[in-house]
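Take a look at the structure below.
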Amino acid sequence: MATPAAATAATPTPTMMPAPDLAALKTKQQAAWSSGNYAIVGSTLQIVGEQLCEAMDLKAGAKVLDVAAGNGMASLAAARRWCDVTSTDYVPALLERGRARANAEGMTMEFREADAENLPFDNNSFEVVLSTFGVMFTPNQDKAAAELLRVCKPKGQIGLANWTPDGFIGQVFKTLGKHLPPPAGAKSPAMWGTRARLTEMFDAGAASIKAESRLFNFRYRSAEHFLDVFKTFYGPVLKAFAALEPAKQEELHNDLHALIVRMNRATNGSMVVPSEYLEVVITKR
């Protein structure tokens, strides 16, 4: 029989998960979103921004901040409702695309380069804070959530649209992760698309958190057309393919193609793939 000391020595020590290098991860992600041209994809998502602004019942004259705005999907939706909008992103080229869209529609808004984890605004500055498929990609999720709460006025609203883990885009990122594993310890962006994670991040500062499951339909000419667009313009997918050898690129392409075929509900050769997201409206205490 082993002595207690021997038994203790024989017990394996749990392996500690290394802390991710969040600064390095942010640099890598910023390079990914700066590559390609997210505006090509972002423009197709416009209906999500419109629906989020309706869900929040935005009132004319409200002071609105759009965080990680991309090319201004939610910014434009708020501006169309005569809100006072500040559109921010950490990719200057995307802000320029947003400015061009606003100018084309005769919309007036402010554009500021800003990091979602360190927003350059005073506490309680905005009545409404928005982010559509943006802030969910921050490496330091808790810090980003705290920043959204910090700049939102008491009794103000935070509106989010976040892809869910089980929806189509969540599955796309899982597929990418199978071929290029994410950094050890990094939290999946799709956690923002779960009610449990939203409660963890926002409950202490929220009077209420409302999260509704919604569907956005990706409509493309075909599965190949979708893959061509995303491999050319959508930074994370573009970078994933660029990091792989040709044979591995083909494997990733085939896996993504199979995912699209499995979820495609079009019957005429085109692509119509529903992608679940959470539409979130948080009221600050």
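Side chains included, hydrogens not; waters and symmetry mates left out as well; all remaining heavy atoms used. Start at 1 with the first residue, then count along the sequence.
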### Message
For Phe133, give me all partners under ring-ring contact (aromatic ring centres under 6.0 Å, His included), at least two apart in sequence or on another chain.
### Response
Trp163, Tyr277
### Message
Rounded at 0.5 Å granularity, tell me how far NZ in Lys26 sits from CG in Asn140.
### Response
7.5 Å
### Message
Using a 6.0 Å cut-off, check whether atom CG of Asp122 has over 12 heavy atoms from anything other than its own residue.
### Response
no
### Task
Please answer whether the main-chain N or O of Leu119 pairs with a side-chain N or O of Glu147 as donor and acceptor at a distance below 3.5 Å.
yes
### Query
Will you find, in the side chains of Asp66 and Thr88, an N or O donor that is under 3.5 Å from an N or O acceptor?
no
### Task
Using the rule that two of Ile, Leu, Val, Met, Phe, Trp, Tyr join whenever any of their side-chain heavy atoms come within less than 4.5 Å, decide whether Met56 and Ile209 are in one cluster.
no
### Message
Counting only heavy atoms not in Lys210 (residues, nucleotides, ligands), do more than 12 fall under 6.0 Å from its NZ?
### Response
no
### Query
Going only through I, L, V, M, F, W and Y residues with side-chain contacts under 4.5 Å, is there a path from Leu148 to Leu52?
no
### Side-chain heavy-atom pair Thr194, Thr164 within 4.5 angstrom cut-off
no
### Query
Which pair of non-hydrogen atoms, one from Gln141 and one from Ser188, has the smallest distance, and what is that distance?
NE2-O, 3.0 Å
### Task
Check for a donor-acceptor pair, side chain of Gln157 on one end and backbone N or O of Val128 on the other, with a separation under 3.5 Å.
no
#### Entry: Val135 backbone acceptor or donor facing Ser131 side chain under 3.5 Å
yes
### Test: Lys155 and Glu127 ion pair at under 4.0 Å
no
### CA sep, side-chain torsions, deciding dist, call: Glu276, Arg214, side chain to side chain contact (heavy atoms under 4.5 Å, CB included)
CA-CA 6 Å; Glu276 184 186 40; Arg214 301 283 187 236; over 6 Å; no
## Note on the structure
In this structure, CG of Leu149 is separated from CG of Asn124 (nearest 0.5 Å) by 10.5 Å
### Non-hydrogen side-chain atoms of Leu238 and Thr232 separated by less than 4.5 Å
no
### Task
With rounding to the nearest 0.5 Å, note down the distance linking CG in Leu160 to CG in Leu198.
7.0 Å
### Query
More than 12 foreign heavy atoms under 6.0 Å from CG of Leu215: is that the case here?
yes
### Message
Quick check against the 3.5 Å criterion: does Thr283 have a side-chain atom that pairs as donor or acceptor with the backbone of Ser208?
### Response
no
## Note on the structure
Residue set satisfying side chain to side chain donor-acceptor pair (under 3.5 Å) with Glu245, at least two apart, ordered chain then number -> none
Under 3.5 Å, which donor-acceptor pairs do the side chains of residues 33-40 form with other protein atoms, sequence neighbours left out?
unit_1	atom_1	unit_2	atom_2	d
Ser34	OG	Gln30	O	2.7
Ser35	OG	Ala32	O	2.5
Asn37	OD1	Ala39	N	3.2

### Message
Could you check whether Asp89 pairs with Arg112 (Lys NZ or Arg NE/NH1/NH2 to Asp/Glu carboxylate O, under 4.0 Å)?
### Response
no
### Task
For Gln249 and Leu244, indicate whether the former's side chain and the latter's backbone hold a donor-acceptor pair under 3.5 Å.
yes
#### Entry: Lys143: side chain to side chain donor-acceptor pair (under 3.5 Å) partners, not counting sequence neighbours
none
### Message
Just checking Lys187: does its NZ atom have more than 12 heavy atoms from other residues, nucleotides or ligands closer to it than 6.0 angstrom?
### Response
no
### Task
Applying side chain to side chain donor-acceptor pair (under 3.5 Å), name anything that partners Glu250, two or more places apart in sequence or on another chain.
none
### Query
Is it true that a side-chain atom of Gln171 and a backbone atom of Pro165 form a donor plus acceptor pair closer than 3.5 Å?
yes
### Task
Describe, in one word, how the ring planes of Phe173 and Phe137 are oriented to each other, choosing from parallel (under 30°), tilted (30 to 60°) and perpendicular (over 60°).
tilted
### Partner residues of Phe121 under the ring-ring contact (aromatic ring centres under 6.0 Å, His included) criterion, sequence neighbours left out
Phe126
### Message
Tell me the closest heavy-atom pair linking Glu117 and Pro139, and the distance in Å.
### Response
OE2-CD, 3.1 Å
### Query
Can you find a pair of side-chain heavy atoms, one from Arg99 and one from Met109, that are under 4.5 Å apart?
no
### Query
Do you know which two heavy atoms are closest between Thr138 and Ala144, and how far apart they sit?
OG1-CB, 3.4 Å
### Message
Could you measure the distance from the CD atom of Glu224 to the NE2 atom of His257? Nearest 0.5 Å is fine.
### Response
4.5 Å
## Note on the structure
dist Ile158:CD1 -> Leu130:CG (nearest 0.5 Å) comes out at 10.0 Å
#### Entry: 4.5 Å side-chain heavy-atom contact, Arg195 and Leu278
yes
#### Entry: Arg81, CZ: over 12 other non-hydrogen atoms inside 6.0 angstrom
yes
### Task
Determine yes or no for a side-chain-to-main-chain donor-acceptor pair under 3.5 angstrom, with Asn162 supplying the side chain and Trp192 the backbone.
yes
#### Entry: Transitive ILVMFWY side-chain link Phe216 to Phe233, under 4.5 Å
yes
#### Entry: Nearest-0.5 Å distance that lies between atom SG in Cys152 and atom CZ in Arg150
11.5 Å
### Message
Do Thr132 and Leu45 make a side-chain contact, defined as non-hydrogen atoms from C-beta onward lying under 4.5 Å apart?
### Response
no
### Task
Classify the side-chain pair Ser270/Asn268 by whether it contains a donor and acceptor separated by less than 3.5 Å.
yes
### Query
Any side-chain heavy atom of Met271 sitting closer than 4.5 Å to one from Phe218?
yes
### Message
Between Phe111 and Leu94, is there shared hydrophobic-cluster membership here, with clusters defined by ILVMFWY side-chain heavy atoms closer than 4.5 Å?
### Response
no
### Query
Do any N or O atoms from the side chain of Thr27 and from the backbone of Ala23 form a donor-acceptor pair under 3.5 angstrom?
yes
### Query
Taking the six-membered ring for Trp, is the centroid-to-centroid distance between Phe226 and Phe168 below 6.0 Å?
yes
